[in-house]
Asker: 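Here it is, the structure, as structure tokens.
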Amino acid sequence: MAPPGDLREWIARLEREGELVRIAAEVDPELEITEINDRTVKAGGPALLFENVKGSDQPLLINQFGTERRMCMAFDAPSLDAVATKLGDVLEMQPPQGLVEKVRGLQKLKSIADSRPKTVKRGVCQELVIEGDDASLDLLPIQKCWPDDAAPFITLPAVITKDPRTGTRNVGMYRMQKLGPRATAMHWQIHKDGRADYLATDGRIEVAVALGLDPVTAYSASAPLPKHIDELMVAGFLRGEPVELVRARTVDLEVPANAEIVLEGYIDKDELTDEGPFGDHTGYYTPPEPFPVFRLTAITMRRDAIYPSIVVGKPPQEDAWLGKATERIFLPAVRMTVPEIVDYDLPVAGAFHNCCIVSIRKAFPGHAQKVMHAIWGLGMLSLTKSIVVVDEWVDVHDYEEVLFRVGANVDPKRDVLITEGPLDHLDHAPTRQFYGGKIGIDATHKGLQEGTREWPPEIEMTPEIKALVDRRWAEYGISLDLAADNGRIRQSSRPLRALLRR
Ligand SMILES: Cc1cc2nc3c(=O)[nH]c(=O)nc-3n(C[C@H](O)[C@H](O)[C@H](O)COP(=O)(O)O)c2cc1C
Ligand SMILES: [Mn+2]
């Protein structure tokens, strides 16, 4: 198999695997769907296809990315690390040596060349073409997600623009606040490529918005790629098949042929509106701020189009696994630049930009600090607010172990680096927007060269005794279920907290 070719195939696969539930009951896109979805996401539940959304003929799909299993199914991969390996293979290509390697190298190069999007004559995304006043966003079941949201927001779009200077395409996922039947805001944050295209325009920039894509292409819109790299090329590479494009009807752009819905329109450089408030992935409402206005010129769609949505909010939400996919898939690229990095973890509860745990192969004094600065200088990771560095043998995904290392190995006076730099657009904590403090915690072992006393050895049982106890375990008659119960101290903290509050 390969990753699903379009949203229909994706839905069929999800359904076959028991990963999708159709809901026939009428539901309100205003708040009700959010609450249903929130309970489902938090329980690790299925994707939801609401077939009867109040006020619209179109079904709404949500929670398609809500679990690790579904995220892997989206890539048709056994794990997200397997997707990373595929990308890493190409990134780490060395000049080939023998003939066999040369042939293999050529195959890899061909797989990149074959990944470029391909223009085709017709696409299902244009089965219906609605132009002029008939093109209305009122047709779509756009969700109002949270009580204090300013309006309904389109939350899972792939927004397509071209750099007016170079003509290169950009695709990004930026929420769009509905302002009326033919206008939305465009939430192009300050660090994003989409905004750079807009800023480079003199008067007007044409925009196309694809909704309801195959899951890999949808994911690629959220991937933090360097500006000159076309997200659709990467989508083609990850799919193993190029993304097919058709010419849009009213703008000079190409759009994915397999999309359920395409919004075509333009943005005038000096037309701004107050966007927000919006219940954001920070877990707080983002206050109103001026953003550009998107004006609709046409809606094209499949017959019986399905509208895709996602809700962000206090973590964990569905976007957690989109973020985790990026964390895994980009590890080889991160290691290309900073090879001493073994692994990293961006905790979901840290909303990705707030915290990064990184393990390194430490080789010299100050190495942890070197890596902190490298991360603070690396693509979107540069917005990371706090970094914890541990040694290579520490599992960065085991937060208990990380906390143990921070507690055991850190002298706050010596090992904490406080600095400043650019911060996430949505971070409400810094005194000024966009800029503020950063913290790096060096939880690695220190050596005499770093001015410490002799570092004590870690406690470790001998392999002989471990093997002996393995062999004799049954003889002791100790139930492991009991041990598992004991290990559950972590989960029990919730009822304990509730008790203390009484
Ligand atoms: C569900 C979801 C919603 C997002 N909403 C926004 C948004 O409103 N504005 C924004 O700038 N980035 C948003 N992002 C992040 C961007 O999609 C991401 O940074 C992407 O790399 C931007 O593409 P670009 O670098 O080509 O501009 C969102 C991501 C996800 C997964
Ligand atoms: Mn981009």
Side-chain angles (χ1 to χ4, degrees), residues 3-15 20 22-23 29 33 37 47-53 55-65 70 74 117 120 122-131 134-143 152-160 171-176 178 184 207-222 231-232 235 239 241 243-251 253-265 294 296-311 318 322:
D6 63 13
L7 191 75
R8 301 292 164 109
E9 198 187 328
W10 176 221
I11 287 174
R13 271 193 213 182
L14 289 172
E15 210 157 19
L20 181 132
R22 290 174 184 268
I23 295 104
I33 290 182
N37 187 54
L48 305 175
L49 187 60
F50 291 101
E51 295 180 321
N52 194 357
V53 186
S56 172
D57 291 336
Q58 291 183 353
L60 178 148
L61 175 70
I62 196 162
N63 203 20
Q64 57 177 307
F65 298 115
R70 284 204 290 284
V120 296
R122 279 162 191 285
V124 284
C125 70
Q126 293 176 343
E127 280 178 353
L128 302 177
V129 177
I130 312 168
E131 289 179 57
D134 292 338
S136 166
L137 297 172
D138 294 340
L139 295 168
L140 309 181
I142 305 175
Q143 271 186 280
F153 283 78
I154 298 172
T155 51
L156 202 62
V159 177
I160 302 165
V171 187
M173 192 172 282
Y174 324 99
R175 68 169 185 249
M176 298 162 70
K178 187 175 171 190
T184 76
V207 180
V209 179
L211 294 162
L213 297 168
D214 67 89
V216 173
T217 306
Y219 159 76
S220 76
S222 77
E231 282 80 0
L232 297 184
R239 277 162 36 121
E241 201 182 327
V243 177
E244 293 192 339
L245 301 174
V246 288
R247 298 206 53 75
R249 293 304 179 95
T250 59
V251 291
L253 291 167
E254 290 167 316
V255 297
N258 70 8
E260 295 285 320
I261 303 160
V262 175
L263 310 177
E264 301 180 2
F294 169 77
L296 188 73
T297 52
I299 299 183
T300 76
M301 58 173 123
R302 282 180 85 136
R303 265 179 220 104
D304 313 318
I306 297 168
Y307 173 84
S309 193
I310 190 169
V311 172
E318 180 185 345
L322 284 169

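Remember, predicted model here, so these are calculated numbers, not experimental data.
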Asker: I'd like to know whether Glu254 forms a side-chain contact (heavy atoms from CB on, under 4.5 Å) with Leu232, so could you lay out the CA-CA distance, the side-chain angles of the two residues, the decisive distance to 0.1 Å, and finally the verdict.
Answerer: CA-CA 11 Å; Glu254 290 167 316; Leu232 297 184; over 6 Å; no
Asker: Heavy-atom count check: over 12 atoms from other residues, nucleotides or ligands less than 6.0 Å from Asp138 CG?
Answerer: yes
Asker: Could you tell me whether a side-chain N or O of Ser56 sits under 3.5 Å from a main-chain N or O of Leu139, the two making a donor and an acceptor?
Answerer: yes
Asker: So, taking the atom named CG in Leu48 and the one named CG in Leu20, what distance separates them when rounded to the nearest 0.5 Å?
Answerer: 7.5 Å
Asker: When you measure from the side chain of Glu231 to the backbone N and O of Val171, does any donor-acceptor pair fall under 3.5 Å?
Answerer: yes
Asker: Say you draw a straight line from CG of Asp57 to CG of Leu140; how long is it, rounded to the nearest 0.5 Å?
Answerer: 11.0 Å
Asker: Run the numbers on Ile154 and Lys178 for side-chain contact (heavy atoms from CB on, under 4.5 Å), then give the verdict.
Answerer: CA-CA 7 Å; Ile154 298 172; Lys178 187 175 171 190; over 6 Å; no
Asker: Side chains of Gln58 and Glu260, heavy atoms from C-beta outward: is any pair under 4.5 Å?
Answerer: no
Asker: Check Thr300 against Gln126 and note the closest heavy-atom contact, atom names and distance.
Answerer: OG1-CG, 3.8 Å
Asker: What heavy-atom pair brings Arg70 and Gln64 nearest, and what distance separates the two atoms?
Answerer: NE-O, 3.3 Å
Asker: Under the criterion side-chain contact (heavy atoms from CB on, under 4.5 Å), which of Arg175, Met176, Met173 is the partner of Val159?
Answerer: Met176
Asker: How many angstroms lie between SG in Cys125 and CG in Leu211, if you round to the nearest 0.5 Å?
Answerer: 11.0 Å
Asker: Checking Asn258 side chain against Gly5 main chain: does a donor-acceptor pair fall under 3.5 Å?
Answerer: yes
Asker: Quick one: closest heavy-atom pair of Ala74 and Val216, and the distance?
Answerer: O-CG2, 3.3 Å
Asker: Evaluate the criterion side-chain contact (heavy atoms from CB on, under 4.5 Å) for residue pair Ile310 and Leu322; output intermediate values, then yes/no.
Answerer: CA-CA 11 Å; Ile310 190 169; Leu322 284 169; 3.8 Å; yes
Asker: With sequence neighbours left out, what residues match Thr184 under side-chain hydrogen bond (donor to acceptor under 3.5 Å, both in side chains)?
Answerer: none
Asker: Output the distance between atom CD1 (Ile142) and atom CZ (Phe153), rounded to the nearest 0.5 Å.
Answerer: 11.0 Å
Asker: Say you draw a straight line from CD1 of Ile62 to CG of Asn37; how long is it, rounded to the nearest 0.5 Å?
Answerer: 3.5 Å
Asker: Quick check: does any side chain N or O of Glu318 sit under 3.5 Å from a backbone N or O of Asn63, one acting as donor and the other as acceptor?
Answerer: yes
Asker: Within the 4.5 Å heavy-atom criterion, are Ile23 and Asn52 side-chain neighbours or not?
Answerer: no
Asker: Looking only at heavy atoms, which two atoms of Arg239 and Pro4 are closest? And how far apart?
Answerer: NH1-O, 4.3 Å
Asker: Of all heavy-atom pairs between Ile299 and Ala135, which one has the smallest distance, and what is that distance?
Answerer: N-CB, 3.9 Å
Asker: Which pair of heavy atoms, one from Leu60 and one from Val53, lies closest together, and at what distance?
Answerer: CB-CG2, 3.9 Å
Asker: List the steps, then state whether side-chain contact (heavy atoms from CB on, under 4.5 Å) holds for Arg22 with Leu49.
Answerer: CA-CA 5 Å; Arg22 290 174 184 268; Leu49 187 60; 3.4 Å; yes
Asker: Donor-acceptor check, side chain of Thr155 to backbone of Ser309, threshold 3.5 angstrom: yes or no?
Answerer: no
Asker: Any sub-3.5 Å donor-acceptor pair from Glu244's side-chain atoms to Ala257's backbone N or O?
Answerer: no
Asker: For the CZ atom of Arg8 and the CG atom of Asp304, what is their distance to the nearest 0.5 Å?
Answerer: 6.5 Å
